[in-house]
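No experiment lies behind these values; they were computed from the predicted model shown.
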Amino acid sequence: MRAKDLMNTDIVTIREDASVSQLCDVMQAAHANGLPVLNERDELVGIVTEDDILYGTMGVFDKNGSTVHVRDIMTSPRSARPKTPTSWS
C-alpha cells in the first residue's frame, strides 16, 4: 500500500494567521478533528488538531479566542509523497 491509496484530495485547510475562534468554526463545519495549516503562499506549514486547541490555549484564551492564532498552537508538518510506502503495506 502506498500513501496515494490513503490520500484525500478534497481537503479543508486553515491559514496560520486565523484565530482559534475561526479555526473552531471551520473544524465544526467540516466535522474535522484536525486541519492542515497553510501560509499566505498556500504552502503547508503545520497541522492543528483538537488536542492542539485544548493544550495550546490553556490560560491564554480570551472570550472570543482572538488572542491566540493557529500558528501559535499548530504542530510542524509531517508529509509524504504519493509513492511513499506506508506501514500498512
(message) Going by side-chain contact (heavy atoms from CB on, under 4.5 Å), name the residues that satisfy it together with Asn33, two or more places apart in sequence or in a different chain.
(response) Glu50
(message) I want to check something: taking the side chain as every heavy atom from C-beta on, are Thr75 and Thr49 in contact at a cut-off of under 4.5 Å?
(response) no
(request) Determine whether Leu23 and Ile73 make a side-chain contact, defined as any pair of heavy atoms from C-beta on separated by less than 4.5 Å. (result) yes
(request) Please test Leu35 against Thr13 for side-chain contact (heavy atoms from CB on, under 4.5 Å), starting from the C-alpha separation and ending with a verdict. (result) CA-CA 6 Å; Leu35 296 175; Thr13 62; 5.9 Å; no
(request) Measure across Ile11 and Pro36 and return the closest heavy-atom pair with its distance rounded to 0.1 Å. (result) CG2-CG, 3.7 Å
(request) List in chain and number order the residues that pass side chain to side chain donor-acceptor pair (under 3.5 Å) with Glu43, two or more places apart in sequence or in another chain; answer none if no residue qualifies. (result) Asn39, Arg41
(request) Could you tell me whether Glu40 atom CD has more than 12 heavy atoms of other residues or ligands within 6.0 Å of it? (result) yes
(message) Run the salt bridge (Lys or Arg N to Asp or Glu O under 4.0 Å) test against Asp42 and tell me which residues pass, sequence neighbours left out.
(response) Arg15
(request) Please assess Met74 against Ile14 for the test side-chain contact (heavy atoms from CB on, under 4.5 Å), listing each intermediate value before the final yes or no. (result) CA-CA 11 Å; Met74 69 184 194; Ile14 191 81; over 6 Å; no
